[in-house]
Every structure is written in structure tokens, then in C-alpha cells.
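Only one structure is covered here, and it is reproduced in the block below.
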Amino acid sequence: MPPRQVVNINHLNHVFGKGELRKPVLFDVDLNIYAGEIVIMTGPSGSGKTTLLTLIGGLRSVQSGSVKILGQELYGASKAELVQVRNQIGFIFQSHNLLSCLTVEQNVRMSLRLHRDIDFDRRTQITTHILEEVGLGDRLNFYPDSLSGGQQQRVAIARALVSKPQLVLADEPTAALDSKSGRNIVEIMQQLAKEQGCTILLVTHDNRILDIADRIVHMEDGRLAKDMALVDH
Ligand code: ADP
Ligand code: MG
């Protein structure tokens with residue numbers, strides 16, 4: 001059996017605004033990502049990386065071209081179909097978007113709310129386990145504001161991965177961290193992804209983490225350069 005395509009994008013274009021404010025941002029983008037791959041996307045600020053990630057995540061409607069995610073075509077997809085796709089994706093953003101009124105444990109547990117088949121005790125178990133894996137087993141009842149930036153980002157990773165999503169989209173997840181914590185974060189992501197067999201698309205400017213990728217793609221002025229083979233280290 002050929003490897004399964006998790007992301008299959010063909011001739012994708014995207015334009016913001018209308019009339020005088022019309023601004024084309026993505027041009028004829030093609031991208032294929034297969035199950036279990038870790039792909040890093042680099043490229044200058046303003047080149048369209050976040051726009052592409054939000055289209056892949058079903059957070060923005062596809063205007064032209066084809067975006068198939070986990071077998072679902074997003075062009076012309078209904079709201080329900082978009083929600084269905086979003087629920088299979090773990091999102092990690094540059095700013096972690098944790099809810100400050102919930103504890104670390106509650107923030108992560110929230111990601112399991114759609115899994116009606118998992119009972120309360122099992123949720124506690126799964127949540128505790130993933131927080132231990134990201135090194136926060138002793139912070140379960142802390143509130144996000146009392147944690148460091150690196151710790152908050154680790155909570156965000158636990159939250160994105162706890163439901164074992166098939167696809168993880170990470171937009172500059174290490175941008176707010178010093179290089180050591182940044183490295184630590186992506187190594188945790190890589191390890192959890194390998195354990196769970198999920199696929200990762202990670203946007204970064206950080207040259208020090210490129211080696212975790214199976215493949216690197218480069219965005220420049222809204223165009224995606226042909227897939228580059230990973231350079232030898
Ligand atoms: P990157 O993530 O590579 O920095 P973005 O995808 O955020 O790039 O942005 C690409 C271009 O689209 C930029 O010129 C940005 O100003 C523009 N842009 C992004 N979001 C919007 C929006 N909601 N409305 C209008 N223009 C936008
Ligand atoms: Mg961006």
C-alpha cells in the first residue's frame with residue numbers, strides 16, 4: 001500500500017481583501033505530506049506561511065484550488081465537514097492561547113471533551129501522563145500565569161497531542177523561547193509524534209531545529225519551493 005497522504009494540496013491560491021485592498025498572498029501552491037512525516041516550513045516573515053497553515057487547518061475558507069486533509073476536500077466543504085477536520089488536528093501557535101482561568105490539568109483535559117467514549121478517570125490518567133511526559137507532572141494544579149514561557153508552551157504541546165491527533169500544525173512554536181527551551185520543545189514534539197504516529201507540519205525561523213525534520217519546504221513570496229531533500233549533517 002502506498003503511504004497515506006495526510007495533506008494533499010494542488011494549485012492553491014489565496015487573496016486577502018477586495019478592490020484596491022486586494023492582496024494575493026498564495027500562488028499556485030502544491031504540497032503533499034504523508035502519514036508520519038515531520039515537515040518543517042521556513043521562509044521570511046509575510047511570505048504566507050501562517051495563511052497556508054490556517055487553510056490546512058480548516059480555520060479559513062479555501063478560495064481556489066484543492067486542499068485535501070485526511071481525505072476531506074476543504075474547497076467547498078460545509079461547516080460541519082470543516083469542524084470534523086479541525087477535530088482531528090492538534091494546533092500549536094506561537095502564543096500558546098492557554099485559558100488563564102483554568103489549571104494546567106484542566107487546559108489539557110479540555111482537548112478530550114469530544115471523546116465521549118473516554119470516562120472521567122481515564123481522562124485524568126491520560127492528561128496526567130502527557131503532562132508528565134512534557135515534564136510538568138508536578139504542575140498539574142498550577143495556573144498558566146505562574147509558569148515560565150517554556151512551561152506554558154509545553155502545556156500547549158500536551159494540549160495539542162493529548163487526543164492523539166493525526167495531524168499537528170505548529171506555527172513558530174519556539175519563537176517566544178530561548179534556544180535551549182526551544183530545542184527541548186521540538187524534541188518533545190518529535191518524540192511524542194513518533195510514539196503516536198502522527199504527522200507534523202511545523203513553521204519555524206529557527207535554524208537550530210531544522211534537523212528534526214524529515215523534509216524541509218521553503219515559502220517565498222507566497223510560492224512554495226519544490227521539496228528540498230534534507231541536507232546531510
Ligand atoms: P507569514 O506567516 O509567512 O509571516 P502571513 O501568512 O501571516 O505570513 O501573511 C502573508 C501576507 O498576508 C502578509 O503580507 C500579511 O500582511 C497578509 N495578511 C495576513 N493575514 C491577513 C488578513 N487577515 N487580511 C489581510 N492581509 C493579511
Ligand atoms: Mg506567520
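Both ligands and their constituent atoms are indexed starting at 1 by order of listing. It should be emphasised that the depicted structure is a prediction, and the values quoted were computed from it without experimental measurement. All heavy atoms count here, side chains included; hydrogens, waters and symmetry mates do not. Residue numbers count from 1 along this sequence.
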- Message: Any nitrogen or oxygen of Gly46, side chain or backbone, less than 3.5 Å from one on ligand 1?
- Response: yes

- Task: Verify, without hydrogens or angle tests, whether Ser66 (side chain) and Asn10 (backbone) share a donor-acceptor contact under 3.5 angstrom.
- Result: no

- Query: If you measure from each heavy atom of Gly43 to ligand 1, is any distance below 4.0 Å?
  - Reply: no

- Is the shortest distance from atom 27 (C) of ligand 1 to a protein heavy atom below 4.0 Å? yes

- Query: Below 3.5 angstrom, do we get any N/O pair linking Arg60 and ligand 1?
  - Reply: no

- Query: Any idea which part of Thr51 is under 4.0 Å from ligand 1, heavy-atom wise: side chain, backbone, both or neither?
  - Reply: both

- So is Gly17 in contact with ligand 1, going by heavy-atom distances below 4.0 Å? no

- Item | Proximity of Met219 to ligand 1 by residue part, where a heavy atom lies under 4.0 Å | neither

- Query: Nearest to atom 19 (C) of ligand 1, what protein heavy atom do you find, and at what distance?
  - Reply: Phe16 CE1, 3.5 Å

- Keeping the roles fixed (side chain from Glu37, backbone from Ile200), state whether a donor-acceptor pair exists under 3.5 Å. no

- Task: For atom 3 (O) of ligand 1, find the nearest protein heavy atom and state the residue, atom name and distance (0.1 Å precision).
- Result: Lys49 NZ, 2.8 Å

- Message: Between Arg208 and Asp206 (salt bridge meaning N to carboxylate O under 4.0 Å), is one present in this structure?
- Response: yes

- Item | Which residue and heavy atom of the protein sit nearest atom 15 (C) of ligand 1, plus the separation | Lys23 NZ, 4.7 Å

- Message: Would the distance check show the side chain of Asp171 and the main-chain N or O of Val203 forming a donor-acceptor pair, the cut-off being under 3.5 Å?
- Response: no

- Can you pull out the closest protein heavy atom to atom 12 (O) of ligand 1? Residue, atom name and distance to 0.1 Å, please. Val25 CG2, 3.3 Å

- Tell me, please, if Thr50 has any N/O/S atom, main chain or side chain, under 2.8 Å from the Mg ion (ligand 2)? yes

- Partner of Asn32 under side-chain contact (heavy atoms from CB on, under 4.5 Å), picked from Asn8, Val7, Val6, is Asn8

- Query: Does the side chain of Gln191 pick up a donor-acceptor pair with the side chain of Glu195 at under 3.5 Å?
  - Reply: yes

- Could you say whether the N/O atoms of Gly48 and ligand 1 ever approach to under 3.5 Å? yes

- Checking heavy-atom distances from atom 2 (O) of ligand 1 to each of Thr50, Leu55, Leu52, the winner is Thr50

- Task: Consider only side-chain N and O atoms of Gln125 and His129, and report whether a donor and an acceptor are under 3.5 Å apart.
- Result: no

- Query: Does at least one non-hydrogen atom of Pro44 fall below 4.0 angstrom from an atom of ligand 1?
  - Reply: yes

- With no hydrogens and no angle check, is any side-chain donor or acceptor of Arg154 less than 3.5 Å from a backbone partner on Val134? yes

- Message: Take a 6.0 Å sphere around CZ of Phe27 and say whether it holds more than 12 heavy atoms from other residues, nucleotides or ligands.
- Response: yes

- Task: Could you label the plane-to-plane angle of the Phe93 and Phe91 rings as parallel, tilted or perpendicular, counting under 30° as parallel and over 60° as perpendicular?
- Result: parallel

